[in-house]
Amino acid sequence: MSKCKVTELFGSMVFNDAAMNTRLPEDVYNALKKTISQGTHLELDVANVVANAMKDWAVENGATHYTHWFQPLTGITAEKHDSFIVPKGDGRIIMEFSGKELVRGEPDASSLPSGGLRSTFEARGYTIWDTTSYAFIKDGTLCIPTAFCSYSGEALDKKTPLLRSMEALNKQAMRIVKLFGNSEVQGVVTGVGPEQEYFLIDKELFLARPDLVYTGRTLFGTRPPKGQELEDHYFGCLKSRVCDFMKDIDQELWKLGVCAKTKHNEVAPSQHELAPIYSTANIATDHNQITMELLKSVANRHDLACLLHEKPFAGVNGSGKHNNWSISTDTGINLLEPGNTPHENAQFLLFLVAVIKAVDEYQDLLRVSSASAGNDHRLGANEAPPAIISIFLGEELTDILESIDLGADYKGKEKQAMEIGVTVLPHFPKDTTDRNRTSPFAFTGNKFEFRMLGSAFSISGPNIVLNTAISEVLCQFADALEKTDNFNAALAELVKKTYRNHKRIIFNGNNYSDEWVEEALKRGLSNLKTTVDAFPEFISEKSIALFTKHHVFAETELRSRYEIFMEAYCKAIHIEALTMVDMTKGSIIPACISYQNELAALLNSKNDRTEFDCSLESHLLSKISSLSGCLLKKLTALEDAVLDSKESRGIFDCASFYRDRVFTAMAEMRLIVDELETLVAAKYWPFPTYAQMLYSVL
Ligand code: ADP
Ligand code: MG
């Protein structure tokens, strides 16, 4: 595809600013722009004109339907399609779309999770147009990004609280920016660039694995003889099927205005990554949802299956999502980038220590934001960051903060006295700040990279926590600095004190080492190992105080989310357990029996003839039959655990039960099955092997 075509293709299926500008009368365009930038109310007559123009544009581009596209608490997106058709009375139809239909929808959403926020008699939820995210056309449907809430206004989705957290951060960061005398700045926004990892395997093999189809991960399987030890996949050249797929996905994403930028092979065989150019947290979240959806549908078109699960293959590198995060002013200044003047640098240092303090004080909430049944397989499992949160700053920046703390000269390259507001800081190029790939929260030159997210996550949750925690710290800073007569002295003291009080969270070493786990314990950092350990922190007093103060979540909204997430954890393991039982009874046991039959028949026929050596058959048969006996025991234990899970318990006890009883029983049974897989003849084994799945896409 030529350069020119990409520029034409990009955003061609988006009702973006350019489309609005050409298709709307000037006064309507200006009114809409004001709503987008300042959140002002959109009058119905204006909405009617916008809706009509949007419909005309959509119909010209092949759309027949529209949908309010929203992000319920299932973690995926939801849509209910309505066509534009309206009967004319003479047997014909016209295509219509009103302002009312654009701005607000009332889906009957009783089957979507609400965590008790909505009783069934008021099953209706409302979807409300989010004007800050452009409408787009997908599969012949005009998709209008919307927020989703209950009859009484509680957020039932992932977008509403994210928008609220961005607003909170804007409000508090503006107070700080104003203190530094930046009068031309009107707003502060969070920029997010999520790097998405995924696996691609052959569709036929995928469909032959019920565990992948039902749960997204393999529940059985022995490691192939070759894993990632040769390090020959990372950044390796793209195989032709993968290359075709990647070209296709790029084009589909570009059409929808998603700035897909980087693509490469990842560490594990069949693992890849896609990263867009960063945008505002809200748009990045919408775009990442679209990306995950398209990865799956485009893969399907190529007879491939895209696996977004955090750990599709045990013993093989899992998939995560790196959330690159920064804050900038609407005038284009990145507040996490050291500036060119001492003044800008003082501002940078203040924002830097704000992040340090926020991450230290709200480590538990950051941990919660990356917790799920799927991600429990990664965090702390020697490839992803551990479950302990710490910050990597790099040597240079740590030195600078240390010398501020000690009041000493900064002994870096430039050997200058570190006086805040007086000293010019060096810039930190990516290559000096990006050396530690084991850190869960790393400073990478002008942004932080939060690396604990699972690949299947909506990035909304982690960004809500980050934005809100940092809002709180900035609020405290602004409260203190607004009162002072001597701004520079107060600022210097605040930076120094904040660093000193929170430097325990900084760790530049290897996060995968056992020594770090011990050291972190000594430093008093929390180590919430599993989802069940982490989630209760979401409804702790501290969490409720934080989120309610900044109007991001009401207490009822937090409690409902706690219920929903814990329930999702239980359901994920429940489905896995049932799938394991099914696969074992329906396919694995019969395969073991068939092979044993064959061995027994052979033994029988050889036994009649004394000249034959029967030791191999007899050894195999006895090994497989004894393992089969073990399998029966483990299967019974798992079935008992599944039955027991039906006992009524509170949600926390229920989740603990799934982790301690059901999950353990699953792991024990898997061990036996995986050993059987190495013994039973390949022709009898009922499922594609790891080796086949990981090495079949050429
Ligand atoms: P790496 O794999 O080395 O971390 P990538 O290029 O794969 O780097 O991804 C970096 C991500 O960070 C991209 O999505 C990029 O757009 C994003 N990014 C770059 N600068 C910023 C910034 N200031 N704020 C937020 N995200 C950013
Ligand atoms: Mg990265």
Do [X] and [Y] come close enough that some side-chain heavy atom pair is under 4.5 Å?
X      : Y      : value
Met580 : Leu638 : yes
Tyr126 : Pro107 : no
Leu525 : Ile505 : yes
Asp674 : Arg223 : no
Gln196 : Leu295 : yes
Leu453 : His322 : no
Thr285 : Ser458 : yes
Trp516 : Thr438 : no

Will you find, in the side chains of [X] and [Y], an N or O donor that is under 3.5 Å from an N or O acceptor?
X      : Y      : value
Asn510 : Ser513 : no
Glu195 : Asn324 : yes
Glu310 : His377 : no
Glu79  : His81  : yes
His68  : Thr127 : yes
Ser645 : Glu647 : no
Asn375 : Lys311 : no
Ser696 : Gln692 : no

Taking [X] for the side chain and [Y] for the main chain, is one N or O donor matched with an acceptor at less than 3.5 Å?
X      : Y      : result
Lys321 : Ser455 : yes
Thr584 : Ile588 : no
Gln71  : Lys158 : no
Thr218 : Pro312 : yes
Thr215 : Arg217 : yes
Glu197 : Gln271 : no
Asn463 : Ile459 : yes

Legend entry - Among Phe199, Phe245, Tyr198, the one residue meeting ring pair (Phe, Tyr, Trp, His ring centres under 6.0 Å) with His272: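 When ring pair (Phe, Tyr, Trp, His ring centres under 6.0 Å) is applied between His272 and each of Phe199, Phe245, Tyr198, only Tyr198 qualifies.
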Review item, side-chain donor-acceptor pairs of residues 659-666, under 3.5 Å, at least two apart:
{"unit_1": "Arg659", "atom_1": "NH1", "unit_2": "Thr530", "atom_2": "OG1", "d": "2.9"}
{"unit_1": "Arg659", "atom_1": "NH1", "unit_2": "Asp533", "atom_2": "OD1", "d": "3.1"}
{"unit_1": "Arg661", "atom_1": "NH1", "unit_2": "Asp644", "atom_2": "OD2", "d": "3.1"}
{"unit_1": "Thr664", "atom_1": "OG1", "unit_2": "Asp660", "atom_2": "O", "d": "2.5"}

Inset, instruction - Indicate, with yes or no, if the rings of Trp69 and Phe136 have centres closer together than 6.0 Å. - result: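 Here the rings of Phe136 and Trp69 have centres that are less than 6.0 Å from each other.
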Legend entry - Centroid-centroid distance, Phe538 to Tyr562, less than 6.0 Å: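 Phe538 vs Tyr562: aromatic centres not under 6.0 Å.
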With sequence neighbours excluded, what pairs up with [X] under the salt bridge (Lys or Arg N to Asp or Glu O under 4.0 Å) test?
X      : answer
Arg301 : Asp248, Glu252
Glu555 : Arg559
Lys571 : Glu567

Legend entry - Arg451 charged N/C atom sitting above Phe441 aromatic ring, 6.0 Å / 45°: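 Negative - Arg451 is either too far from the ring of Phe441 or too far off its axis.
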Legend entry - Charged tip of Lys542 within 45° of Tyr362 ring normal and under 6.0 Å: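 Yes, Lys542 sits over the ring of Tyr362.
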Inset, instruction - Carefully, step by step, assess Glu639 and Lys585 under the rule salt bridge (Lys or Arg N to Asp or Glu O under 4.0 Å). - result: CA-CA 11 Å; Glu639 287 187 304; Lys585 283 182 166 171; 2.5 Å; yes
Legend entry - Point-to-point distance, once rounded to the nearest 0.5 Å, from OG1 of Thr160 to CD1 of Ile128: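 Atom-to-atom, Thr160:OG1 and Ile128:CD1 are 7.0 Å apart.
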Inset, instruction - Any chance you could measure Leu274, atom CG, to Met292, atom CE, to the nearest 0.5 Å? - result: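 Answer for the CG-CE pair, Leu274 versus Met292, is 12.0 Å.
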Inset, instruction - Let me see the working for Leu521 and Asn527 under side-chain contact (heavy atoms from CB on, under 4.5 Å), right down to the final yes or no. - result: CA-CA 8 Å; Leu521 186 69; Asn527 185 359; over 6 Å; no
Inset, instruction - Just do the side-chain contact (heavy atoms from CB on, under 4.5 Å) check on Leu379 and Arg367 with the steps written out, would you? - result: CA-CA 10 Å; Leu379 297 182; Arg367 172 69 184 90; 3.5 Å; yes
Inset, instruction - Please indicate whether Lys634 has more than 12 foreign heavy atoms, meaning atoms of other residues, nucleotides or ligands, lying under 6.0 Å from its NZ. - result: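 For Lys634, atom NZ is not crowded (no more than 12 foreign heavy atoms under 6.0 Å).
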Inset, instruction - Answer yes or no: does atom CD of Glu293 have more than 12 heavy-atom neighbours from other residues, nucleotides or ligands under 6.0 Å? - result: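 Yes, CD of Glu293 has more than 12 neighbouring heavy atoms, counting only those of other groups under 6.0 Å.
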Legend entry - Intermediate values then yes/no, side-chain contact (heavy atoms from CB on, under 4.5 Å), Ser319 and Leu308: CA-CA 7 Å; Ser319 297; Leu308 292 175; over 6 Å; no
Nearest heavy-atom neighbours spanning [X] and [Y]:
X      : Y      : value
Lys529 : Asp376 : O-OD1, 4.5 Å
Phe687 : Ala208 : CD2-O, 3.4 Å
Pro440 : Ile388 : CG-O, 3.5 Å

Legend entry - Residue pairs fulfilling salt bridge (charged side-chain N to carboxylate O under 4.0 Å, His left out) with at least one residue in residues 278-287, sequence neighbours excluded: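 Sorted pair list: Lys159-Asp286.
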Inset, instruction - Could you label the plane-to-plane angle of the Tyr690 and Phe313 rings as parallel, tilted or perpendicular, counting under 30° as parallel and over 60° as perpendicular? - result: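 Correct class here is perpendicular.
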Inset, instruction - List for me each residue that meets side-chain hydrogen bond (donor to acceptor under 3.5 Å, both in side chains) alongside Arg209, sequence neighbours excluded, and say none if there are none. - result: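 If we apply the side-chain hydrogen bond (donor to acceptor under 3.5 Å, both in side chains) test to Arg209, skipping adjacent residues, the hits are Asp211.
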Legend entry - Salt-bridge contact Arg164-Glu557 (side-chain N to carboxylate O under 4.0 Å):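 So Arg164 pairs with Glu557 through a salt bridge.
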Inset, instruction - Starting from the C-alpha separation in whole Å, work towards a yes-or-no answer on side-chain contact (heavy atoms from CB on, under 4.5 Å) for Phe547 and Val465. - result: CA-CA 9 Å; Phe547 287 118; Val465 172; 4.2 Å; yes
Inset, instruction - Go through the steps for Ser543 and Glu541 under the test side chain to side chain donor-acceptor pair (under 3.5 Å), then give the verdict. - result: CA-CA 5 Å; Ser543 168; Glu541 258 174 51; over 6 Å; no
